[in-house]
Number of protein chains: 6
Amino acid sequence: MNSVIRPSGRASDQLRSVSIERHYTRHAEGSVLVSFGDTRVLCTASIEDRAPAWLRGKGEGWITAEYGMLPRATNTRMQREAARGGQGGRTMEIQRLIGRSLRACVNRQALGERVITLDCDVLQADGGTRTAAITGAYVALVDAVNLLMKRENLRRNPVVGAVAAVSVGIYKGMPVLDLDYAEDSDCDTDMNVVMNDGGGFIEVQGTAEGHAFRRDEMDALLVLAQKGIGELVAAQRAALAR
Amino acid sequence: MNSVIRPSGRASDQLRSVSIERHYTRHAEGSVLVSFGDTRVLCTASIEDRAPAWLRGKGEGWITAEYGMLPRATNTRMQREAARGGQGGRTMEIQRLIGRSLRACVNRQALGERVITLDCDVLQADGGTRTAAITGAYVALVDAVNLLMKRENLRRNPVVGAVAAVSVGIYKGMPVLDLDYAEDSDCDTDMNVVMNDGGGFIEVQGTAEGHAFRRDEMDALLVLAQKGIGELVAAQRAALAR
Amino acid sequence: MNSVIRPSGRASDQLRSVSIERHYTRHAEGSVLVSFGDTRVLCTASIEDRAPAWLRGKGEGWITAEYGMLPRATNTRMQREAARGGQGGRTMEIQRLIGRSLRACVNRQALGERVITLDCDVLQADGGTRTAAITGAYVALVDAVNLLMKRENLRRNPVVGAVAAVSVGIYKGMPVLDLDYAEDSDCDTDMNVVMNDGGGFIEVQGTAEGHAFRRDEMDALLVLAQKGIGELVAAQRAALAR
Amino acid sequence: MNSVIRPSGRASDQLRSVSIERHYTRHAEGSVLVSFGDTRVLCTASIEDRAPAWLRGKGEGWITAEYGMLPRATNTRMQREAARGGQGGRTMEIQRLIGRSLRACVNRQALGERVITLDCDVLQADGGTRTAAITGAYVALVDAVNLLMKRENLRRNPVVGAVAAVSVGIYKGMPVLDLDYAEDSDCDTDMNVVMNDGGGFIEVQGTAEGHAFRRDEMDALLVLAQKGIGELVAAQRAALAR
Amino acid sequence: MNSVIRPSGRASDQLRSVSIERHYTRHAEGSVLVSFGDTRVLCTASIEDRAPAWLRGKGEGWITAEYGMLPRATNTRMQREAARGGQGGRTMEIQRLIGRSLRACVNRQALGERVITLDCDVLQADGGTRTAAITGAYVALVDAVNLLMKRENLRRNPVVGAVAAVSVGIYKGMPVLDLDYAEDSDCDTDMNVVMNDGGGFIEVQGTAEGHAFRRDEMDALLVLAQKGIGELVAAQRAALAR
Amino acid sequence: MNSVIRPSGRASDQLRSVSIERHYTRHAEGSVLVSFGDTRVLCTASIEDRAPAWLRGKGEGWITAEYGMLPRATNTRMQREAARGGQGGRTMEIQRLIGRSLRACVNRQALGERVITLDCDVLQADGGTRTAAITGAYVALVDAVNLLMKRENLRRNPVVGAVAAVSVGIYKGMPVLDLDYAEDSDCDTDMNVVMNDGGGFIEVQGTAEGHAFRRDEMDALLVLAQKGIGELVAAQRAALAR
């Protein structure tokens, strides 16, 4: 099984080169350009001093996310969702995932009646856009919350842990970490894993593309994911320390 | 841990009572009313003799699904999606899941240039509507394909396995099978599992609602799911044998 | 003229077999499955304790209706209105008719600042879905209002009469009662009549499909409608007495 | 009963002054400004040399209608439907009625594979816009068809009769003809009647606004409608003779 | 250059015949039918006693405009924007231009917390619909504001100047004033100019259709526009004096 | 007049620092990140080998543009147009301007039956996004066309000139070049000018924000625009030469 060569030449448990560039644009409270290899996602965190309607008067806040792809982020041009008249199913699924994932590391009482919106816009796609988005959005969120704490003199930090995500899959029979587009479009199983820095699972979404996957394959994928996310959390910390 | 009492009084590894009623309506090629306890979903399978645009001339077919809820299937009335002007993110996410799950048990070459649409409409909701929908849609699909094979004298059966789904979750610290609404709205982790009759995984979608879940919790959930799906596949077989 | 045989073999003034099943689903304040032969419509009545915007502060309530068809309620699958992005003209016309008809039997001052929504969803269609919907919605409305009167200790019953509806038409030259799909798609004139239990007309909507209809034909149709509605009002009473 | 005075001072069986101005705009094949008193509707008939999709290759044509109101045709400004993102239920109901009514006087085989669209746009509203629209659209249709017959050298006239419409209602207990806005907003029963020049009924749509109407009231309304439509057909003929 | 003959035979600096008919419809506070030759636009001004959300409590008002074309205002029928589900780019561009232009002659403090909506609906198009709309909307605005001043006893007139608009362009090499459709569809440069009665520019929108235009051509066009607008302002004054 | 200090300290006829970065993303045939100071727009050019419907069989191509802003490109977050269900009036106006401007430098016969779409997405906004977009899109277009010429062995270059754009305006009474956001939101007149490298005007769009502008002010603005565009064309050339 180990004789399979990945299109990129990477080892089966090797991430693509990861870069996390903070303060990429200047208006947002947090603004991060995250790259997983050729996948580049601009993640901004915007704070608004209002509770959403269903939380008004409850003294807690909300974290939400929106996801988009520039029309030519991909190999062939996709129609712009704004021109098509609405967001498609894939977009909605991804932005709901990003929102849930980031809410998992926030204490919403400590946030108070505020909304933080994480906008994740894919400038260039090469597989794994949603996992890059989650990983980058976390850093943008931390930057925004730090600004907020200083500005509003908050006593408690609403961010209570780190969150990162990676994809794993079975490519030509071999479990591999962090699929690029060439692997993603030719793999049997594709799994997106979101974890926190305590090793807990926040989301696991596995899909059999070709044949159903066995329990032992799933176990191998989870081990790979755990390793990759450990490295991504380290990269987040390094970026935040700069 | 086993001292937790489920709201329904069920054992932790006990499904709700399952019923699968075939030929529930008369126009569709397959029509099944599936009940998981108080959750009732009408699943119809409709065959059209046309390939979707992107498969034209390739000699293969497609399986797709749509999902809806009647406005008062739930405890408080929800706005009708047709009146609101489109399907929401949750609906799209669920119907994409149903479609992927059912495609996993179909040989699309053997189906030929046809589209089978699985409409899953929730008449009454009490948790687990998507897993009931997948389990019922499989039976509607088999009925529709059997009709097609007879009518068109197909040589090979396009249905190449069985598919069923169940939810599992961690309720007050205890892993439980087949969550009803009372459990679903109060659980820490919620996981939907789709498997085939060979014990292979087709989809695993786990979400931490309260705290992140540990690897050993995930393992316990997968064992419960495997048991439940075994029983659901048996119920499907019994229904199809009637 | 009387030598014409109806496709169903019914006499010209004979309703299809009517059934009215109360408490069909459990969440709604009123829930009725009504069948006119093979036409089956699920009617639910939902009470909300709010006045619509334009009645706020006036001390009176509102009755409204929505109508839908499951995609495979009919012989060939219709596109789901939620997927198409909105309700079509036929749907709007029908739900406006249902709403007006039911408002005719309600004292809106006695109802107080509440909205009752009648959702009529066609599970299976065989002609006459709108008349079945009105007839069933009335029973769901009564169940909901009785619950409300008990719960809120209302002094006056907001329901001040009964309402039922039936279609009549001219099939191969013969006036007939309660058209099924085979007749409906091959008739010259189609008329939907809504009446109250006092013999008053609430709505009369007659359309010449083939040739214009004469005054004497119209008179014959109105007589048939009156007879049919008398029987439907009796069926409503019997159902409510159970 | 005859002691009731109509707001306009008209006799109970008196139409408002009717005017039918042909060639009101110059681009359309037929263009008519019709006035029923202060109600003014611009009706244009546009011919396109294409069958609609569902009639292609069948050798027959189609008549369709669209209806609109300028935002300030009414006493208070209404939101523009194009700005609101779609046509409302009332608009759809009316344009479906206009289309059905005009189709009733056309032989679609004689028309050939063509579509005639009748656009009825209300410039000023004072009650009865849909009946004025039908009455004016008929004249626009005749002008367009005459042009077509000359241009294409058709042998048979596709227009096989005349169609006109009027509203009748019960105002303060008195049956009256051709309700203006003051009456319309204060009447018990409102009925729109479409008839052909042979005295046949094409559409009858009666609605009880206040109390249910009795059979004898309906009979009185139908007699008034018949009288009014006779006068409108004469006005159409006179306009077409100019 | 002066040997070019315009399709209409007009001199290069000659407007089409202009007519401004006030009180064209009766419900609106201002209602004007403006004609530039065969271009006819109905302009109504509607006053509402509310500030738009973003101006609430600021003591000032707003002027906004909407633009529409009847489907058969043009040579071939255009789809109705309400039926298509929204306003197109050209419509939005034009109504934004009309709104900006009219705001330029209004003192919004003097208007107080009111909104005036200018609806410009093209009954018949022959080029220059937006410039006719602006010119006519000004007169409707003045009528509405005069009514308002009387009704509300305003001390200051919110209208502080006159605004008119005209198109100019280069047709077969010759600068011409007030293009009709024949010229518009065959010209090299098309420029819409909005000016006030003091000779100041409010909007200049020039577009090279064929070849880029030179500075001296632009100068010639601006001179023509200035002449034309002088005559239009005189026509507005004459209409308002009647 | 020259004593007015611009917020940025620039001279009245000084552009912001301009940068044009080619090959910014890798999938598009042309991909340029253009910056006018803090305004940053990603412009991609995508080639498709199809004529739009209305040009099929005519042997010529089309250039079109789409414009978007990331939600947090601006100081306060704007709602995503895809989430709002469609593009607003400002977006449509801008993308129509970009498309017209770029078509002015292309020979559509030489292009053949192809569509080039210019997507201009604003990553960060500080005034002048539309002029930056046009200036950058030109460079992306040239890169795409050069690739096409090589790939398809075209004989003639479809690009027949250069196009650039800049804004000018009157800020505190002084005509200035290339307004940033601070100036744009506080200026009296705002004019966008598009020119080609031959000094010809392609678009001039001037708007009086505060008071109407005089002819001599307009002349001063056009002189500034001409100077600025000369420098932008030089910057385009330099970028293309790298």
Side-chain angles (χ1 to χ4, degrees), chain A residues 64-67 84-101 103-105 107 160-163 168 170 188-219 221-223 225-226 229, chain B residues 64-67 84-101 103-105 107 160-163 168 170 188-219 221-223 225-226 229:
Chain A
T64 186
E66 295 199 8
Y67 171 92
R84 210 166 51 192
Q87 296 176 309
R90 180 183 171 276
T91 293
M92 290 207 193
E93 202 170 302
I94 292 176
Q95 67 193 15
R96 285 160 57 92
L97 171 66
I98 300 172
R100 282 197 310 273
S101 298
R103 278 195 293 278
C105 71
N107 178 331
V160 298
V163 164
V168 286
I170 298 180
D188 285 324
T189 294
D190 178 17
M191 188 176 289
N192 291 296
V193 181
V194 186
M195 297 179 75
N196 65 20
D197 54 348
F201 291 96
I202 289 168
E203 286 270 343
V204 175
Q205 296 198 341
T207 300
E209 303 279 348
H211 71 274
F213 52 95
R214 297 183 312 269
R215 181 60 204 275
D216 63 298
E217 291 174 321
M218 184 161 180
D219 290 347
L221 292 176
L222 292 174
V223 168
Q226 204 153 357
I229 285 173
Chain B
T64 187
E66 295 197 9
Y67 171 92
R84 210 167 49 192
Q87 296 175 308
R90 180 184 170 276
T91 293
M92 290 206 192
E93 202 169 302
I94 293 176
Q95 66 192 15
R96 285 160 57 93
L97 171 66
I98 301 172
R100 282 198 311 272
S101 298
R103 279 196 292 281
C105 72
N107 177 332
V160 297
V163 164
V168 287
I170 297 179
D188 286 325
T189 292
D190 178 17
M191 188 176 290
N192 292 295
V193 181
V194 186
M195 297 180 76
N196 63 21
D197 54 348
F201 291 95
I202 289 168
E203 287 271 344
V204 174
Q205 295 198 341
T207 299
E209 304 280 349
H211 72 274
F213 53 95
R214 299 182 312 271
R215 182 58 203 275
D216 63 296
E217 290 175 320
M218 184 161 180
D219 290 346
L221 291 176
L222 292 173
V223 168
Q226 205 153 357
I229 285 175

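In the text below, chain A, chain B and the rest are named by the order of the sequence lines, each starting its count at 1.
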(request) Please state whether the side chain, the backbone, both or neither of A/Q87 comes within less than 4.5 Å of a heavy atom of chain B. (result) backbone

(message) Suppose we screen for salt bridge (charged side-chain N to carboxylate O under 4.0 Å, His left out). Which residues come up paired with B/D197, at least two apart in sequence or across chains?
(response) B/R237

(message) Counting heavy-atom pairs under 4.5 Å with chain A, which one of B/G200, B/S101, B/G89 comes out on top?
(response) B/G89

(request) Find out whether B/M218 and A/D219 are in side-chain contact, i.e. whether some heavy atom of one side chain is under 4.5 Å from a heavy atom of the other. (result) no

(message) As an exercise, state the distance from CZ of A/R90 to CD of B/E93, rounded to the nearest 0.5 Å.
(response) 13.0 Å

(message) Please enumerate all residues that pass ring pair (Phe, Tyr, Trp, His ring centres under 6.0 Å) together with B/Y67, with sequence neighbours excluded.
(response) none

(request) Measure B/R215 against the heavy atoms of chain A and call it side chain, backbone, both or neither at under 4.5 Å. (result) both

(request) Can you tell which part of B/N192 gets under 4.5 Å to a heavy atom of chain A, answering side chain, backbone, both or neither? (result) neither

(message) What's the separation between atom OG1 in A/T189 and atom CD in B/E203, rounded to the nearest 0.5 Å?
(response) 10.0 Å

(message) How close do B/F213 and A/V204 get, counting heavy atoms only, and between which atoms?
(response) CZ-CG2, 4.1 Å

